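Given the structure is predicted, the values throughout are model-derived calculations rather than measurements. When reading the values below, keep in mind they use all heavy atoms of this one structure, side chains included, and skip hydrogens, waters and symmetry mates.
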Number of protein chains: 2
Amino acid sequence: MADAASPKTDSSKYPMPFTRIEVVLMTLVDGNLAVLLARRAQAPYAGKWALPGGVLRIDLDGSLEEAAARVVRERLATDLPDLKQLCAVGGPTRDPRAPWGLSIVYRALSLSGSTLPTAGKRIEELRWAPVESLAKGISLAFDHNTLVARATDAMREDVEEHDLPYGLLPAHFTLTELQQTCEAVLGHALDKSSFRRRLNDRDLLEPVDGEKRGGAFRPAQLYQRRARLRSLR
Amino acid sequence: MADAASPKTDSSKYPMPFTRIEVVLMTLVDGNLAVLLARRAQAPYAGKWALPGGVLRIDLDGSLEEAAARVVRERLATDLPDLKQLCAVGGPTRDPRAPWGLSIVYRALSLSGSTLPTAGKRIEELRWAPVESLAKGISLAFDHNTLVARATDAMREDVEEHDLPYGLLPAHFTLTELQQTCEAVLGHALDKSSFRRRLNDRDLLEPVDGEKRGGAFRPAQLYQRRARLRSLR
DNA sequence: TCAAAAGTGTTGCTTGTACACCCATGT
DNA sequence: ACATGGGTGTACAAGCAACACTTTTGA
């Protein structure tokens with residue numbers, strides 16, 4: 001247990017890591033999974049693209065989740081629900097600005113096809129980049145390529161185990177839209193019949209009263225996420 | 001991105017959290033899942049039980065994983081393989097010694113029925129406590145009850161999705177031992193035939209050449225974990 | 001009436017559970 | 001021989017993939 005020897009000096013006895021929050025925000029762009037990147041204006045890595053993030057502010061943040069929410073608000077001028085902690089990474093060479101860099105990484109989803117968030121405090125430029133392009137080739141600042149890869153894996157695992165990416169869809173959506181969204185995330189096609197029966201069997205959705213939508217063909221029923229009623233699994 | 005305005009002062013501009021590693025070490029005691037607790041000698045929470053842990057030392061640790069390994073070595077005088085990161089938690093009221101406490105929590109397994117690790121640096125006394133007893137009633141120092149609960153959940157999820165708890169077993173074990181171990185973790189019985197067919201179908205194990213073991217009845221074949229050959233899933 | 005997308009039914013495979021049964025061994 | 005735990009086979013149900021099919025609409 002801790003170093004409880006000298007109660008007052010405990011928290012200042014050792015130098016602490018430069019602690020940041022990083023955010024992997026994902027969306028679909030033209031049916032491809034993409035992450036939000038911010039371009040760095042200053043050194044280190046000036047001109048390079050990196051994940052949006054910010055320093056943990058112990059004077060402002062009541063928890064890591066609050067810190068992540070604040071970072072999103074300050075950098076992207078928006079509020080994101082369902083921020084999920086991905087992992088924590090740390091080491092002496094992660095950030096040239098400090099002798100030891102620690103990042104707590106969060107991930108979140110943004111409505112597919114939505115406009116780019118407004119660049120907030122200290123952000124030069126924002127851009128959606130397909131995860132594909134990051135996996136091979138394009139290199140990000142710091143160890144952010146690794147973080148994006150881990151977030152992508154986590155995202156796919158979620159969908160594979162039927163944790164649907166509602167964050168990518170509007171409140172009301174058609175079953176085909178939902179299926180196409182899942183297919184885009186997973187990177188392969190799904191069977192329509194199986195997909196729908198799964199949804200049906202699990203009571204995940206409910207039809208939105210009377211609403212539909214049209215093209216030059218039969219309109220589709222709109223659905224919304226069903227309120228999860230205290231279930232455990 | 002970050003505060004890249006004043007390159008040199010970045011890492012010292014804001015006070016950083018008191019950053020620690022905590023370890024949830026689990027084993028089976030008489031067929032019950034138990035966690036290793038250490039008794040606190042000094043304030044805060046003097047006399048209370050808590051998870052073993054230690055301060056992150058940026059002068060010693062090359063990564064969070066190394067930090068966790070070091071903490072285990074110093075506190076428990078042992079080396080543990082397969083330390084898994086569980087989560088990071090932080091907040092201003094987590095640790096009375098500091099204005100803001102951040103902990104990166106790792107979990108690991110210890111051979112069932114093994115002796116208590118030797119109490120290392122600054123450890124007063126060690127004890128295995130059934131997770132059952134912690135879930136209801138017994139309260140630990142800091143927010144460690146929460147952390148144990150999360151580790152227990154993660155442990156059960158692992159086994160449910162067929163990630164076998166080899167860490168609880170010796171290198172060579174019988175199928176019945178393995179099954180009983182899984183049953184103890186999950187808290188309910190499993191079907192012998194199903195359990196074995198699953199293992200068989202997935203080529204997870206291999207028999208250990210010619211070895212067996214006896215009681216007053218038919219001896220059982222010993223098995224070991226099969227070397228995973230680069231497979232993805 | 002035709003194209004296009006919505007929506008349904010049927011079959012078969014795979015996985016897992018329940019349960020019954022045989023096998024080997026020391027006393 | 002028999003009790004005890006090791007080990008196996010069969011039957012049934014659930015979940016999912018593949019694929020064929022019907023329905024509804026606007027042009």
A/Leu178 CG - C/dG7 C1' separation (whole Å): 15 Å

For DNA chain D, the residues among residues 179-192 of chain A that have a non-hydrogen atom under 4.0 Å from it: A/Asp191

Pairing residues for B/Glu183 by the side chain to side chain contact (heavy atoms under 4.5 Å, CB included) criterion, not counting sequence neighbours: B/Gln179, B/Gln180, B/Ala189, B/Leu190

Phosphate contact (C/dT8 OP1 or OP2) by A/Ser193 side-chain N/O below 4.0 Å: no

Residues forming a side chain to side chain contact (heavy atoms under 4.5 Å, CB included) with B/Asp191, sequence neighbours excluded: B/Ser193, B/Ser194

Distance-only side-chain donor-acceptor flag, B/Arg196 / B/Thr176, under 3.5 Å: yes

Salt bridge (charged side-chain N to carboxylate O under 4.0 Å, His left out) involving B/Arg73 - partner list, sequence neighbours excluded: B/Asp79

Contacts of type salt bridge (charged side-chain N to carboxylate O under 4.0 Å, His left out), residue A/Lys84, not counting sequence neighbours: A/Asp158, A/Asp163

Which residues share a salt bridge (charged side-chain N to carboxylate O under 4.0 Å, His left out) with A/Arg94, sequence neighbours left out: A/Asp143

Partners meeting side chain to side chain contact (heavy atoms under 4.5 Å, CB included) with B/Ala154 (sequence neighbours left out): B/Leu86, B/Arg107

Helix axis bend for the helix from C/dT1-D/dA27 to C/dT27-D/dA1 - C1'-based end axes, five pairs, 10° rounding: 20°

With B/Arg20, the side chain to side chain contact (heavy atoms under 4.5 Å, CB included) member among B/Asp95, B/Val105, B/Val71, B/Ile104: B/Asp95

Euclidean distance, atom CZ of residue A/Arg196 to atom C1' of D/dA17 [Å, nearest integer]: 16 Å

What are the atom names and distances for every N/O pair under 3.5 Å that joins the protein to nucleotides 22-27 of chain D?
residue: D/dT23; atom: O2; partner: A/Arg218; partner atom: NH1; Å: 2.9

Residue list, side-chain hydrogen bond (donor to acceptor under 3.5 Å, both in side chains) with A/Thr115, at least two apart or on another chain: none

Those residues that, when tested against A/Tyr45, pass ring-ring contact (aromatic ring centres under 6.0 Å, His included) (two or more places apart): A/Phe142

Protein N or O to nucleotides 14-16 of chain D N or O, pairs below 3.5 Å:
residue: D/dC16; atom: OP1; partner: A/Arg202; partner atom: NH2; Å: 2.8
residue: D/dC16; atom: OP2; partner: A/Arg202; partner atom: NH2; Å: 3.3

